[in-house]
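First up is the structure itself, then whatever we jot down about it.
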Amino acid sequence: MKTPNNSGSSVPFQSVGWRRSIASRATVLILVLGALVGVLVGAAGALLVEKEERARLDAKLGEQLLTVERAASVAAFAHDEHLAREVVSGLLHNRSIARAAIEGEAGELAAAGGEVPAAEAGLSRPLRSPFDDAELVGVLRVHPEHAAMHADARAYSRFIALLLAGMVVVITCGVAWVVSRHVTRPIRTLSDDLHRLDAEHGACLVTPTGHGRDEIGRLAGDINALIERMGAMIASERRTRALHEAAEHKWHLIFENAETGLFTLDADGRLSDWNPWLARMFDLPLHDDHAECYLLGDQLADPERRFDEMRRQIALGEPVQGGDFECRVALGGVRWVNVVLHPLEGRAGMLQGIMNDVTERRRAEALAQAERDVLTGLLNRRGVDKAYGELVTRQEDCSGLALLMLDLDGFKAVNDEHGHHAGDALLALVARRVEAVVRRTDVVARLGGDEFVVLLTRLDAISTARLIASKLVEALGQPFALDGVSRVTIGVSVGVAFTHCPPAQIGELLRRADGAMYEAKRAGKSQYRLALPS
């Protein structure tokens, strides 16, 4: 038979044989111990009883001699042989006496019994005159029957020994029954019930009858408490296992499908595990199918050994290390990747890492640091700031300076009608016309969108700035040919800020020119306006 245990599996239940049973072994041990004690007690009791019985018989013999001593004294004093024979004959009725004799002054008056060894002295009692205790008239001699006395003593001692042995056996059997009935049997019942217990479904042991407050009842209660705690622990372990499996499944999905690289490295920097994204990035086999060793440093094409330095810093105790690497990948030429490493907990020397493609970020950063507009080739805001700073530094070149803010009119309509590609082409054409109008020494820049800036330098008067502004309005008002077929017409609103003492930063001139440009738009567009002097 199989019974479920509290972990959900099944274990075979085997009944304990009588030879291995606690009850049987305890009973046998008690009986054996009782038998040994009975034998020892019986033997010791027999010896002691036999000794005491001998002493009792000797005392009894002495008492009997004392009883007949008066008659024996009279017989010896009167030389009465008949009385003497009566006395010794009466003594022989005691089977403990082998021979008795009364001796007078003239010799032996009477004797009775068998022959005794000459060397055996026996017992003797002096006989005194009935009328004068100081006068000795004879001797009463008695020879004990030692064999009979020994036999009586042994018989009595055997009886007592058997009685004691019987008592020991009865007590032993009683003790064995009590132990079996009140100790071993309840324990066996608890053991059998425990094997059959379905603790998984909340079953508990039943305390044996009559043992509610003793040690066996306490044992049953402790077992039930232990079962309850184990049940709670198993339930908690199952919940934890379910959460772990769910987390592992979720991690597996993330690992397999994440659009980022996930990997682990051994102590030598070799890839030991990686996800499909990293496999696609560097044309690696799937992590379950590879037999070669791949060094991530080689994949990153890291001539400066920065990746090895990251690993070294982590080995020295740094928790996290990261950096960007430019490498050639299988997904499309040269890419920038960001690698972050940190120690793998519980795995000495092992590292785990994350890799992200940061090419677009690096391009954006590079573009932000560039001074040229990618679309038109003109200076961008960064470039015009630098150019203005150089003009202000060269005071001899700043006799008169004007900043023209240009904002295209009707550009949004062209962009919406013909598309962004046409809008980009139109911006490039506008840049070329602006460059054609201004002087070679002037600075042209695109701030963004459809806004342009022109810095006019070495001006003697504001009239030169007015003239160039009017030319720009006229030139940008002419039709533009897009793709050699479509012809579009736009305009431009220009704000002009002129100064003989340019400020240290271009921001003030941009603000004044921008205000004048909006005045031109409010006035009807496709014209210029001069900013008020500051």
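One is the number of the first residue; the rest follow in order along the sequence.
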**Complete:** Shortest non-hydrogen pair, Leu341 vs Gly353, comes out as CD2-CA, 4.1 Å
**Message:** Apply side-chain contact (heavy atoms from CB on, under 4.5 Å) to residues Phe282 and Asp298 and explain how you reach the verdict.
**Reply:** CA-CA 11 Å; Phe282 293 107; Asp298 294 342; over 6 Å; no
**Request:** Working to the nearest 0.5 Å, report the span between CG of Leu262 and CD1 of Ile354.
**Result:** 6.0 Å
**Beyond-backbone contact of Leu351 with His342, side-chain heavy atoms, under 4.5 angstrom** = no
**Asked** Can you find a pair of side-chain heavy atoms, one from Met355 and one from Thr260, that are under 4.5 Å apart?
**Response** no
**Prompt:** Between Leu136 and Pro126, what is the shortest heavy-atom contact and its length?
**Reply:** CD1-CB, 3.7 Å
**Request:** Could you please spell out the steps behind the side-chain contact (heavy atoms from CB on, under 4.5 Å) verdict for Trp277 and Asp357?
**Result:** CA-CA 11 Å; Trp277 185 92; Asp357 187 346; 4.1 Å; yes
**Asked** If only atom types and distance count, is the side chain of Ser272 paired as donor or acceptor with the main-chain N or O of Thr264 below 3.5 Å?
**Response** yes
**Message:** For Arg361, I'd like to know if atom CZ has over 12 heavy atoms of other residues, nucleotides or ligands within 6.0 Å.
**Reply:** yes
**Message:** Under a 3.5 Å distance rule, please check whether Arg306 uses its side chain to pair with a backbone N or O of Asp324 as donor and acceptor.
**Reply:** yes
**Asked** Given side chains that start at C-beta, do those of Leu300 and Val337 come closer than 4.5 Å, heavy atoms only?
**Response** yes
**Message:** Please evaluate residues Val88 and Ile102 with respect to the criterion side-chain contact (heavy atoms from CB on, under 4.5 Å), reporting the C-alpha separation (whole Å), side-chain torsions for both, the decisive distance (0.1 Å), and the verdict.
**Reply:** CA-CA 7 Å; Val88 294; Ile102 296 177; 3.8 Å; yes
**Contacts of Glu86 that satisfy salt bridge (charged side-chain N to carboxylate O under 4.0 Å, His left out) - sequence neighbours left out** = none
**Prompt:** Do Leu510 and Arg381 touch side chain to side chain, with heavy atoms closer than 4.5 Å?
**Reply:** yes
**Prompt:** Can you check whether Gly449's main-chain N or O pairs, donor with acceptor, with Arg446's side chain at less than 3.5 Å?
**Reply:** yes
**Item:** Check: Leu265 and Phe307 side chains under 4.5 Å, non-hydrogen atoms
**Value:** yes
**Prompt:** Distance-only, no hydrogens or angles: does the Ser73 side chain make a donor-acceptor pair with backbone N or O of Ser129 under 3.5 Å?
**Reply:** no
**Asked** Side-chain contact, heavy-atom cut-off 4.5 Å: Arg312 with Glu309?
**Response** yes
**Message:** Atom NE2 of residue position His421 - does it have more than 12 heavy atoms of other residues, nucleotides or ligands inside 6.0 Å?
**Reply:** no
**Request:** Output every pair passing salt bridge (charged side-chain N to carboxylate O under 4.0 Å, His left out) with a member in residues 123-139, not counting sequence neighbours, ordered by first then second residue.
**Result:** Glu69-Arg125
**Complete:** When every non-hydrogen atom of Glu108 is compared with those of Ala101, the smallest separation belongs to OE2-CB, 3.7 Å
**Complete:** Distance col, row Leu127:CG vs Leu140:CG, nearest 0.5 angstrom, shows 5.5 Å
**Message:** Testing the basics here: between Ile314 and Pro343, what is the closest heavy-atom pair and its distance to 0.1 Å?
**Reply:** CG2-CG, 3.6 Å
**Request:** Before giving the answer on side-chain contact (heavy atoms from CB on, under 4.5 Å), spell out for Leu379 and Arg372 the whole-Å C-alpha distance, their side-chain angles and the decisive distance to 0.1 Å.
**Result:** CA-CA 4 Å; Leu379 294 177; Arg372 288 283 174 181; 3.5 Å; yes
**Any residue meeting salt bridge (charged side-chain N to carboxylate O under 4.0 Å, His left out) with Asp266, in chain and number order, not counting sequence neighbours** = Arg270
**Fill in**
Smallest heavy-atom separation, Val87 atom then Ala71 atom, equals CG2-CB, 3.8 Å
**Asked** Can you name the closest pair of heavy atoms from Trp274 and Pro285 and give their distance?
**Response** NE1-O, 2.8 Å
**Message:** Closer than 4.0 angstrom, basic N to acidic O: yes or no for Arg382 and Asp385?
**Reply:** no
